[in-house]
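The next block holds one structure in the form of structure tokens; read it before the comments.
Treat the numbers as computed from the prediction; the structure is a model and nothing was measured. So you know, we letter chains A, B, ... as the sequences are listed, proteins then strands, and number each from 1. Note that these values count all heavy atoms, side chains included, but never hydrogens, waters or copies made by symmetry.
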Amino acid sequence: MEGICPHCESPARGDECDQGCNRHLEPGEILEPTCKICENKAEYREQEHFFFRLSSFRDFLLEYLETLEGTSNARNYAREWVNQELRDWCITRNLEWGVRFPGHDELVVYVWVDAPIGYISFTEEYCNNAGLDWKDIWQGDSSIIHFIGQDIAYHHCIFWPAMLKGAGYSLPKAVVASGMVKIDDKTFSKSRGYVVWVNDDYLDHGFQPDLLRYYLASYTSHTKDLNFSWKVFQEKVNNELVGSLGNFLYRTLHFTHKNFGEVPEGAVSDKVLDEIRSTIQKVTVAMEEYEFKKAIDIIMGLSAYGNTYFQSKEPWHLIKNDRVACAGVVKDCLQVAKALVLLFEPVIPTKMNEAWGHLGQKGDVSQMKYDEGLVELESKRPLPKPAILFTKIDDKKIDEMEVIMNKRIAEAMAKEEKSAPQVPVIPVVTFEEFNTMDIRVGTVVSAEAIKGSDKLLKLQIDIGEDIPRQVVAGIALTHVADELVGRQIILLANMKPAKMFGVESRGMILAADENGAVLLQPESKVENGTPIR
RNA sequence: AGCGGGGUGGGGUAGUCAGGAAAUCCCGACGGGCUCAUAACCCGUAGAUCCAUGGUUCGAAUCCAUGCCCCGCUACCA
């Protein structure tokens, strides 16, 4: 639907004045609404709909939001919504597709009614397979935590808790709302090609899932936008996962396997255990605050600690003349490695499960608690030959991925141009840009036809300079040379000089272009050279 | 326009709620070291008007006010 903005009279569409004042328009506010497709006028029709009595949940919501955990952006936003006005919520739509509204085949349920109920459905599905009871989660004492984009905060902080409350279900404990995902700093958009498909663009190209998990979890705090670019992806993987974490795990395990073949004897030093303990504490706090980026930074700090420890203790020297001291260093490093594997398991589970095996450990890491990182590795436990966990992504691979993306963007652009109505886009100019044009009033001193040309006249124009300007103008079809002499005109004086029919022209006369030229002139006579603004 | 979130070295990013000496970390640049490890790792150097202006304070990236810019939402797009 298109129409006119009631605030600034610019063309507006739908519910937003997108070309003018940018204001949001309520239904009915837009003037002269017409259908964009058939161009008929929009009209009001009467229909039966169903509403959820949201207004009666006001007190409940205000109280509930005070206790809701998660990010403050979601909570603050929802609180203001409820504070301002809580209207009853229309929960039916006249659409072909959707979940039919009971007893009314012509209506479907609004998607934000049935979509979150899907959370319950898939919990039930999961529980059925896992031998659990979904009611323990949705009707019992549980911790329900929603991870959402900030664009749907009000659905999850207002509508959904009200529905659950009304139905007597358990309420979400926390809502963690993150910024938007961007691709190459552009708004994520399937139609514009700014999209990375997990199957087609990632898994099918041989990228391992843990790498993307790491990128998403470690990029930034929840409240900021998360940008994805292949270049940054490569940098993060190569520097952080390969260079720091992977390298520490591998150099430690490889060195141990080569020189000892098993977990060496001796106790882990207190200093190292303290470092691990303090890391676990800090990570636990960060995780409880849902601050994944912070948690990962702390874990990576332990990895850096491990690398520095290995470097400064120089076990490759010790092995030659002090095997016992070397064993101590190795044991310390192995313990750090164990802690790293446990701490990183939630973020990069596949790789950490592999590493768990490299440490000679049995069982499922995901079932272990963080504190297992303080349990010293059992001496004499044989260690298998370790394998490299993460490999570098080379430039060529990244170039390939960028080509794929750029191609998709170009195709989307071409498609857009084809389908979009051909409205010429007139760029906006700044005052400074306008000021670059030297437009002045001048008087025609002389005018004559140019030999061999039907359209051109050669004019001499006085714009207050010592010598009149020579200008060639394409106005011969509408103007007789002699009648122009003495008339005032408007001249763009700093037009780039050009030659037409061998005659130099140093300016352009301004005219309205209506089936020929209609010359502009001042309202009243002014001095030659007067600038136009 | 209203409401919410954000603006920190060349790029990215932490710190802001609970003000405190020289502002974190990663990349990039420069110099050095090491050789167990995937040209990796370690040490060091340079680089920041912490969006702007004003205020509070012994002290402000941090608190307050105003302004500018970016993002999200505004109940019938999901």
Side-chain angles (χ1 to χ4, degrees), chain A residues 1 5-8 14-17 21-27 47 49 51-52 54 71-95 98 110-112 115 149-155 157-159 177-180 182 185 187 218-225 227 229 231-232 234-236 238-244 246-259 291 293-294 296-298 300-301 303-304 306-320 326 329-330 333 386-392:
Chain A
M1 193 181 72
C5 173
H7 303 288
C8 70
D15 57 1
E16 188 191 15
C17 178
C21 60
N22 237 350
R23 276 189 230 196
H24 169 75
L25 304 177
E26 289 295 321
Q47 284 180 339
H49 277 287
F51 285 74
F52 179 80
L54 191 62
T71 52
S72 59
N73 57 347
R75 199 168 39 248
N76 293 346
Y77 176 63
R79 191 193 296 125
E80 286 313 302
W81 238 65
V82 178
N83 271 334
Q84 282 170 29
E85 190 196 0
L86 214 44
R87 309 206 289 270
D88 288 338
W89 178 37
C90 181
I91 56 166
T92 47
R93 298 287 184 274
N94 299 95
L95 296 171
Y110 177 46
V111 67
W112 282 110
Q150 60 179 231
D151 55 336
I152 49 175
Y154 69 101
H155 301 101
C157 297
I158 297 171
F159 298 164
S178 60
M180 309 309 289
K182 291 179 149 194
D185 265 323
T187 302
S218 69
Y219 186 84
T220 189
S221 57
H222 291 297
T223 46
K224 289 193 182 176
D225 287 350
N227 186 39
S229 88
K231 196 90 201 123
V232 177
Q234 181 194 27
E235 281 176 6
K236 281 183 84 73
N238 289 0
N239 293 321
E240 296 166 33
L241 290 178
V242 178
S244 181
N247 185 248
F248 173 70
L249 294 176
Y250 187 70
R251 78 198 288 202
T252 298
L253 287 161
H254 185 261
F255 186 86
T256 312
H257 181 260
K258 198 170 73 179
N259 294 294
E291 294 285 357
K293 151 83 175 169
K294 197 189 219 174
I296 288 171
D297 282 352
I298 295 162
M300 269 302 175
S303 172
N307 270 319
T308 308
Y309 193 82
F310 198 109
Q311 186 81 16
S312 62
K313 299 284 180 183
E314 304 189 332
W316 59 92
H317 285 150
L318 293 173
I319 190 69
K320 290 172 190 158
C326 182
V329 172
V330 164
C333 288
I388 284 173
L389 283 173
F390 303 100
T391 50
K392 283 204 171 185

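Within the 4.0 angstrom heavy-atom criterion, no nucleotide atom of any strand lies near A:G301. Nucleic acid contact for A:L95: sugar-phosphate only, since backbone atoms but no base atoms lie under 4.0 Å from a heavy atom of the residue. Residue-level contact check: A:Y219 touches the backbone only, with heavy atoms under 4.0 Å from sugar-phosphate atoms and none from bases. Across all strands shown, A:E85 has heavy atoms under 4.0 Å from base atoms, whether or not it also approaches the sugar-phosphate. No engagement by A:H7 is indicated, since no non-hydrogen atom pair under 4.0 Å with the nucleic acid exists.
At least one donor-acceptor pair closer than 3.5 Å links the side chain of A:D88 to the backbone N or O of A:L54. Between the side chain of A:S312 and the main chain of A:Y309, a donor-acceptor pair closer than 3.5 Å is present. Not a single donor-acceptor pair under 3.5 Å links the side chain of A:D151 to the backbone N or O of A:M180. For A:H49 (side chain) and A:I91 (main-chain N/O), no donor-acceptor pair under 3.5 Å exists by modelled atom type.
Side-chain contact check for A:V330 versus A:I319: every heavy-atom pair is 4.5 Å or farther apart. In this structure, A:K236 and A:V232 have side chains that are in contact, with non-hydrogen atoms separated by less than 4.5 Å.
Here A:Y154 and A:W81 bring their ring centres to under 6.0 angstrom of each other.
Atom CD of A:E291 and atom CD1 of A:I296 lie 11.5 Å apart (nearest 0.5 Å). Taken from CG in A:N238 to OG1 in A:T391, the straight-line distance is 8.5 Å, to the nearest 0.5 Å.
Comparing the C1' positions of B:C69 and B:A52 gives an interatomic distance of 11 Å, to the nearest angstrom. B:G72 sits 24 Å from B:U66 when the C1' atoms are compared, rounded to a whole Å. Taking atom C1' in both B:A75 and B:G4, the straight-line distance is 16 Å, to the nearest Å. Taking atom C1' on both nucleotides, B:C68 is separated from B:A29 by 33 Å, rounded to a whole Å. For B:G59 and B:G67, the P atoms lie 27 Å apart once the distance is rounded to whole Å. B:U57 and B:U62 have their P atoms separated by 16 Å, with the value rounded to a whole Å. Annotation: B:G9 and B:C50 have their P atoms spaced 9 Å apart (nearest Å). When the C1' atom is used for both B:A14 and B:A23, the distance is 10 Å, rounded to whole Å.
Checking B:A78, B:C36, B:G72 against the side-chain heavy atoms of A:M180 singles out B:G72 as nearest. Of all nucleotides listed (B:G15, B:C76, B:C36), B:C36 comes nearest to the side chain of A:K258. For A:H24, whose side chain is taken as the heavy atoms from C-beta onward, the closest listed nucleotide among B:A1, B:G15, B:A78 is B:A1.
B:C36 atom P lies 16 Å from atom CD1 of A:I388, rounded to whole Å. Atom CG in A:L253 sits about 12 Å away from atom C1' in B:C36, given to the nearest Å. Rounded to whole Å, atom C1' of B:A39 lies 11 Å from atom CG of A:N247. Atom NE2 of A:H155 is separated from atom P of B:U74 by 7 Å (rounded to the nearest Å). Residue A:E291 contributes atom CD, which lies 15 Å from atom P of B:U13 at whole-angstrom precision. To the nearest angstrom, C1' of B:C73 lies 12 Å from CD1 of A:I152. What separates NZ of A:K236 from P of B:A14 is a distance of 10 Å, to the nearest Å. As rounded to whole Å, 13 Å separates atom P of B:A78 from atom CZ of A:F159.
Dashed line: the shortest gap from a side-chain N or O of A:H317 to OP1 or OP2 of B:U35 is under 4.0 Å. The phosphate of B:C41 (OP1 or OP2) has no side-chain N or O of A:S244 nearer than 4.0 angstrom.
Each of A:R87 and A:E314 was assigned the nucleotide of RNA chain B with the nearest heavy atom; the assignment lying further toward the 5' end belongs to A:E314.
The aromatic rings of A:Y110 and A:W89 sit perpendicular, their planes meeting at an angle over 60°, well past the 30° parallel limit. Ring geometry for A:F255 versus A:F310: interplanar angle over 60°, hence perpendicular rather than tilted (30 to 60°).
Base pairing of B:A29 is made with B:U45, judged by Watson-Crick or G-U wobble geometry with both donor-acceptor distances under 3.5 Å. Across all strands shown, B:G54 forms a Watson-Crick or G-U wobble pair with B:C64, both key distances being under 3.5 Å. Base pairing of B:G4 is made with B:C71, judged by Watson-Crick or G-U wobble geometry with both donor-acceptor distances under 3.5 Å. Summarising the base pairing, B:C77 is matched to no nucleotide, lacking a Watson-Crick or G-U wobble pair whose two defining distances lie under 3.5 Å.
Heavy atoms only, all atoms of each residue included: A:T252 and A:C333 are closest at CG2-CB, 3.6 Å.
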Protein and nucleotides 2-6 of chain B: nitrogen or oxygen contacts under 3.5 angstrom:
residue	atom	partner	partner atom	Å
B:G4	O2'	A:N73	O	3.2
B:G5	OP1	A:N76	ND2	2.6

Using atom names, set out every protein N or O paired with an N or O of nucleotides 24-33 of chain B below 3.5 Å, distance rounded to 0.1 Å.
residue	atom	partner	partner atom	Å
B:G33	N2	A:Q311	NE2	2.8

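A stacking contact between A:F255 and B:C36 is absent: the pair does not combine a ring-centre distance of less than 5.5 Å to the base's six-membered ring with planes differing by less than 30°.
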